[in-house]
Amino acid sequence: MNSTPAFRDVYEADGVYDQLLLRHYFGGTTDLELVTDWMTHHYGQPPSALRIAEFGCGTGRITDVLADYASELVLADYSAAMVAVAARRFPDARTFQADTRDAVTTLIGENRAGSFDLVASFWSLSYPIGEFFETMSSAGIVAHMDPARAWESAAGFVRRLVELLAPGGHLLVWLFDSDSPEQRLVTQAWEQVAPFPAGGRAYTRWQLLDALHDAERDGLGTLTHTRLGGVAYAPDRAAGREWFFGEHFKHHPQLMTDTALHAAVDAFLDRYQLPEGGSAIPSGVHIIAFHAGRHPFTALPRGKS
């Protein structure tokens with residue numbers, strides 16, 4: 001790795017993300033296996049003929065699971081380096097460089113509303129939601145608009161995600177658990193750069209769930225939400241430190257030079273060190289799914305509730 005990595009190199013420099021990524025286990029099951037189980041439960045064994053859009057696809061690590069089910073595969077990521085890898089891995093897919101908000105707007109503008117059997121985003125949807133509230137740069141974090149207006153704009157974005165679903169289609173979103181020990185350490189670090197909007201770092205999850213609850217109340221489908229605890233496995237100290245400073249802190253200059261933060265990360269890795277020398281970093285995932293279709297309450301006989 002470069003001895004002086006640039007801010008957000010993890011997403012913008014070729015190969016860095018795959019190098020830093022730790023393997024995650026939930027109940028002894030990897031995240032890829034969990035996605036496989038979800039797809040099998042809902043769609044059976046591949047092949048299938050699903051129209052699938054994945055936003056924030058990265059280099060296509062999880063796309064490997066989805067691709068066998070797809071008759072149409074649309075992949076989008078804001079990182080040119082990542083999209084280039086995904087395009088090579090899935091030459092039959094439509095791949096384009098765009099952040100999730102712009103990608104959704106593009107597809108809606110192409111009259112693709114109501115045309116996808118699966119719309120998915122793994123680990124990354126907090127970013128486009130958060131960008132309604134603030135912008136992150138190497139210089140700091142700058143608020144965009146008043147929280148109420150940002151919340152309303154973000155809700156409109158989530159509703160457009162739902163609009164992409166065909167009848168019976170699924171929206172599937174995975175978010176890191178901001179209340180896990182790992183993410184609490186990350187939150188404390190970022191709070192030194194700038195405070196998060198009201199409610200703390202979980203606000204993007206709350207916003208997503210609130211908007212999907214509204215969609216459910218409007219009779220557009222049903223929402224399910226599950227949290228699973230787990231660990232991210234760092235095979236050695238170097239991998240654990242790069243996971244925090246490269247992936248979570250994105251080599252932000254202010255955090256990279258914070259000696260107290262370096263000590264806190266080392267202490268954290270020590271606390272969860274395994275006998276063989278690696279660390280089992282406590283983590284968690286929120287699995288949020290919305291199934292498009294008539295909500296059961298819309299089918300109740302008149303006068304029933």
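Here the side chain of Ser180 pairs no donor or acceptor atom with the backbone of Ser283 at under 3.5 angstrom. Remark: side-chain polar atoms of Arg89 are paired, donor with acceptor, to backbone N or O of Thr59 under 3.5 angstrom. Side-chain N or O atoms of Asp77 include one that pairs as donor or acceptor with a backbone N or O of Gly58 at under 3.5 Å. In terms of modelled atom types and a separation under 3.5 Å, the side chain of Gln192 and the main chain of Gln254 share no donor-acceptor contact. Panel note: side chain Gln273, backbone Ser279; no donor-acceptor pair is recorded below 3.5 Å.
Identified under the ring pair (Phe, Tyr, Trp, His ring centres under 6.0 Å) test for residues 28-68, with sequence neighbours left out: Trp38-His42, Trp38-His170, His42-His170, Tyr43-His170.
Across Val104 and Arg160, no two heavy atoms sit closer than the pair CG1-CB, 3.8 Å. Here the closest heavy-atom approach between residue Arg88 and residue Pro91 is recorded as O-CD, 3.7 Å. Shortest non-hydrogen contact noted between Val186 and Phe249 is CA-CE2, 3.8 Å. The two residues Ala49 and Asp117 make their nearest non-hydrogen contact at O-OD2, 4.1 Å. When all heavy atoms of Ala155 and Gln207 are compared, the pair lying nearest together is N-NE2, 2.8 Å. Nearest heavy-atom pair across Thr187 and Ser178 is OG1-O, 4.5 Å.
Between atom OG1 of residue Thr222 and atom CG of residue Leu212 there is a gap of 10.5 Å, rounded to the nearest 0.5 Å. Rounded to the nearest 0.5 Å, atoms CG (Leu209) and CG (Leu175) are 8.0 Å apart. Between the CD1 atom in Ile287 and the NE2 atom in His225 there is a gap of 9.0 Å [rounded to 0.5 Å]. Distance check, rounded to the nearest 0.5 Å: CD1 of Ile288 to CG of Leu125 gives 8.5 Å. From Leu73, atom CG reaches atom CZ of Arg51 across 13.5 Å, with rounding to the nearest 0.5 Å. Of the inter-residue distances, the one linking Arg237 atom CZ with Leu269 atom CG reads 5.0 Å to the nearest 0.5 angstrom.
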So Trp151 and Phe133, side-chain contact (heavy atoms from CB on, under 4.5 Å) or not? Walk me through it. CA-CA 8 Å; Trp151 193 276; Phe133 297 83; 4.0 Å; yes

His248 and Gln183: side-chain contact (heavy atoms from CB on, under 4.5 Å), yes or no, with the steps? CA-CA 9 Å; His248 288 314; Gln183 293 294 325; 3.2 Å; yes

Under the side-chain contact (heavy atoms from CB on, under 4.5 Å) rule, what do Arg112 and Glu163 come out as? Steps first, then yes or no, please. CA-CA 9 Å; Arg112 297 304 309 272; Glu163 289 174 4; over 6 Å; no

side-chain contact (heavy atoms from CB on, under 4.5 Å), that's the test. Do Thr40 and Tyr69 meet it? Break it down for me. CA-CA 10 Å; Thr40 301; Tyr69 287 86; 3.7 Å; yes

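Taking the side chain as every heavy atom from C-beta outward, Leu161 and Phe290 never approach each other to under 4.5 Å.
Residues Val231, Tyr233, Leu274 make up the rest of the hydrophobic cluster containing Tyr25, defined by ILVMFWY side-chain heavy atoms closer than 4.5 Å, directly or through other members.
Salt-bridge formation is not detected for the pair Arg159/Asp214: no Lys NZ or Arg NE/NH1/NH2 atom is positioned less than 4.0 Å from an Asp or Glu carboxylate oxygen.
Annotation: salt bridge (charged side-chain N to carboxylate O under 4.0 Å, His left out) contacts of Asp179 (sequence neighbours excluded): Arg205.
Annotation: cation-pi geometry not satisfied between Arg61 and Phe122 (NZ/CZ under 6.0 angstrom from ring centroid, within 45° of ring axis).
Taking the six-membered ring where the residue is Trp, Trp174 and Phe26 present perpendicular rings, their angle passing 60° and hence far from 30°. The aromatic rings of Phe245 and His262 lie parallel to each other, with less than 30° between the two planes, well short of the 60° mark.
Aromatic ring centroids of Tyr78 and Tyr127 lie 6.0 Å or more apart.
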